[in-house]
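Worksheet: one structure, shown below.
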Amino acid sequence: METTPQCTNPTHSDSFDDSENGTLLPGLPDDLAQRCLSSLSPSLLFSVCHPWRRLLYFPSFPPFFSLYVLFSPLHGPTTTNPVPGGNDPQNSIEFFSFDPISSSWTPLPTPPQNPPLHLLHRHPSFLSRNLPIQSLTVSNHLVLIAATTHKLFPALSSPLVFHPESNSWFYGPQISTPRRWCVTGSAQGAVYMASGVGSHYQGDIARSMERWDLNKKRESWGWENKAPLKDGRFSREEVEAVGYRGKLCMVNVKGNAVKEGAVYDVELDKWEEMPQGMVAGWNGPAATMDEDVIYVIDEVKGRLSKYDGEKDCWEKVIELEQLKRAEQITAGRGKICAISAKGEKIIVVDVRDKPARFWEVAPPPGMEVVAMHVLPRMISRQH
């Protein structure tokens, strides 16, 4: 996200819209005015006048970044008041985008319903555990790659992809073996999926590794086999593989429990042992900033740290009560966004500030945050 959320109340400057008939800058054609205004912060453009506010959402204007969030209704899905993106009684997930400039939530367009989409977050047989819905970002796309149906089968036979800049959904190439509780990650414009469980456990699937390269032309898209894992230890629960300087880094257990780490070199197609300092401090959810810096939150202490590859150690950034029991984090544009315990809110930490500062974002009423990502804003909004 670009800024701290701003107030949406009109200002006295809104009269500019009427007095100048929507002109961006008096005396300049709009294309030159756009070039001049593109260097200003989105929050400033939003607050000055309606023409500048509308400019923020033009397809030709450089996009600011927003949060894209998967929500689960706290009282389960309903068909009495359907919400776009989540009105199937067997689909407990809804998709929204948070605009940090206007501080507003907007539902994403309804995903394709052929085949019907069944993504289950809660199941009556698993009262103490939520079912994972695994998603990631790659090349400014949101990708849903693994989930569970109400019958406890893999929910996605192909990745479901949302492209914010065209405001559209589509399916990626078919997965050879649909699965859940797997390793998912992205690096250098490619999606990686490893291990996991299909309709039942299979040893060869639990050791497998596949790649979908979005750098290729769409007609050439497909999954290709890569070097397998040495065993099936990463098929016990959902695992996030963090892209870091040409490698994917992952641990097989969440939180402060004893864990094992693994590193995959995407260029050499080779698995390596994780450095001791890296795995020792990996005590909670992790994310990478521009595939160059790894951040992790210690779930017990609420401590946000970043990894120093040269010293093989973690450096403290900030420690907050609000970050204790954080469930997932994402990173982008100099900010770390964390899902609080039980998905009650989102904590945003600006790590560019010294000291780091933070604020909170409340979800829409009646919603629990399941997952979130940072992507360019959608273009179809009216202001």
Side-chain angles (χ1 to χ4, degrees), residues 1-69 95-109 137-142 162-169 189 289-293 330-337 346 348-354 356-362 364 372-383:
M1 295 190 297
E2 291 294 314
T3 67
T4 307
Q6 300 293 314
C7 177
T8 61
N9 293 332
T11 68
H12 68 277
S13 299
D14 287 338
S15 60
F16 181 91
D17 192 10
D18 295 328
S19 62
E20 299 294 342
N21 296 318
T23 303
L24 292 174
L25 289 174
L28 282 180
D30 282 351
D31 58 338
L32 291 180
Q34 283 192 39
R35 294 176 62 181
C36 295
L37 295 173
S38 63
S39 62
L40 300 178
S41 71
S43 57
L44 176 60
L45 292 173
F46 187 87
S47 63
V48 172
C49 59
H50 284 305
W52 290 14
R53 182 178 297 185
R54 288 195 295 268
L55 179 64
L56 284 170
Y57 303 92
F58 282 8
S60 59
F61 197 73
F64 59 86
F65 280 67
S66 299
L67 272 178
Y68 288 77
V69 182
F95 306 93
F96 280 75
S97 175
F98 179 76
D99 182 334
I101 309 303
S102 63
S103 294
S104 60
W105 289 102
T106 302
L108 269 60
T137 59
V138 59
S139 301
N140 286 337
H141 291 74
L142 169 64
F162 181 73
H163 185 227
E165 294 178 67
S166 63
N167 201 22
S168 62
W169 293 91
M289 188 84 71
D290 303 322
E291 298 188 15
D292 186 56
V293 182
T330 189
R333 316 297 289 183
K335 298 177 179 64
I336 305 298
C337 305
I346 297 168
V348 183
V349 181
D350 192 330
V351 296
R352 296 173 299 187
D353 287 349
K354 304 297 181 184
R357 63 188 179 94
F358 76 98
W359 60 92
E360 298 177 357
V361 176
M372 63 184 173
H373 303 279
V374 177
L375 287 165
R377 56 92 179 102
M378 293 189 292
I379 64 172
S380 61
R381 302 175 189 171
Q382 301 296 321
H383 287 263

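The basis for the numbers below is simple: all heavy atoms, side chains too, and nothing from hydrogens, waters or symmetry mates.
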- Task: Answer yes or no: is there a donor N or O on one side and an acceptor on the other, between the side chain of Trp52 and the main chain of Ser47, under 3.5 Å?
- Result: no
- First locate atom CG of Leu67, then atom SG of Cys337, and finally report the distance between them rounded to the nearest 0.5 Å. 4.5 Å
- Query: Given Ile336, which of Val374, Val351, Asp350 fulfils the side-chain contact (heavy atoms from CB on, under 4.5 Å) condition?
  - Reply: Val351
- Shortest non-hydrogen separation from Ser38 to Phe61 and the atoms involved: CA-CZ, 3.6 Å
- Hey, is the main chain of Pro26 close enough, under 3.5 Å, to the side chain of Thr23 for a donor-acceptor pair? no
- How long is the gap from NE2 on His373 to NE2 on His141, to the nearest 0.5 Å? 14.0 Å
- Point-to-point distance, once rounded to the nearest 0.5 Å, from CE of Met378 to CD of Glu165: 12.0 Å
- Task: Begin with the C-alpha distance, continue with both residues' side-chain angles, and end with the deciding distance and a verdict on side chain to side chain contact (heavy atoms under 4.5 Å, CB included) for Phe98 and Ser66.
- Result: CA-CA 6 Å; Phe98 179 76; Ser66 299; 5.9 Å; no
- So, for Arg377 and Phe58, which heavy atoms are closest and what is the spacing to 0.1 Å? NH2-O, 3.0 Å
- Query: Can you tell me how far OG of Ser139 sits from CG of Leu375, rounded to the nearest 0.5 angstrom?
  - Reply: 10.5 Å
- Query: Given the rule in the side chain to side chain contact (heavy atoms under 4.5 Å, CB included) test, do Asp99 and Trp105 qualify, once you have shown the distances and angles that lead to the verdict?
  - Reply: CA-CA 6 Å; Asp99 182 334; Trp105 289 102; over 6 Å; no
- First locate atom CG of Asn167, then atom CZ of Phe162, and finally report the distance between them rounded to the nearest 0.5 Å. 4.5 Å
- Between atom OG1 of Thr330 and atom NZ of Lys335, what is the distance when rounded to the nearest 0.5 Å? 13.0 Å
- Considering non-hydrogen atoms only, spot the tightest contact between Phe65 and Pro100 and give its length. O-CG, 3.4 Å
- Measure across Ala356 and Val349 and return the closest heavy-atom pair with its distance rounded to 0.1 Å. CB-CG1, 3.9 Å
- Between Leu24 and Ala33 the two heavy atoms that sit nearest each other are CB-CB, 3.7 Å
- Query: Passes side chain to side chain contact (heavy atoms under 4.5 Å, CB included), Val69 versus Ile346? Steps please.
  - Reply: CA-CA 10 Å; Val69 182; Ile346 297 168; 4.2 Å; yes
- Item | Side-chain touch Arg53/Ile101, heavy atoms, less than 4.5 angstrom | no
- Query: How about Leu45 and Phe64: do any of their side-chain heavy atoms sit closer than 4.5 Å?
  - Reply: no
- Task: Write down the atom of Leu28, the atom of Leu32, and the distance for their closest heavy-atom approach.
- Result: CD2-CD1, 4.5 Å
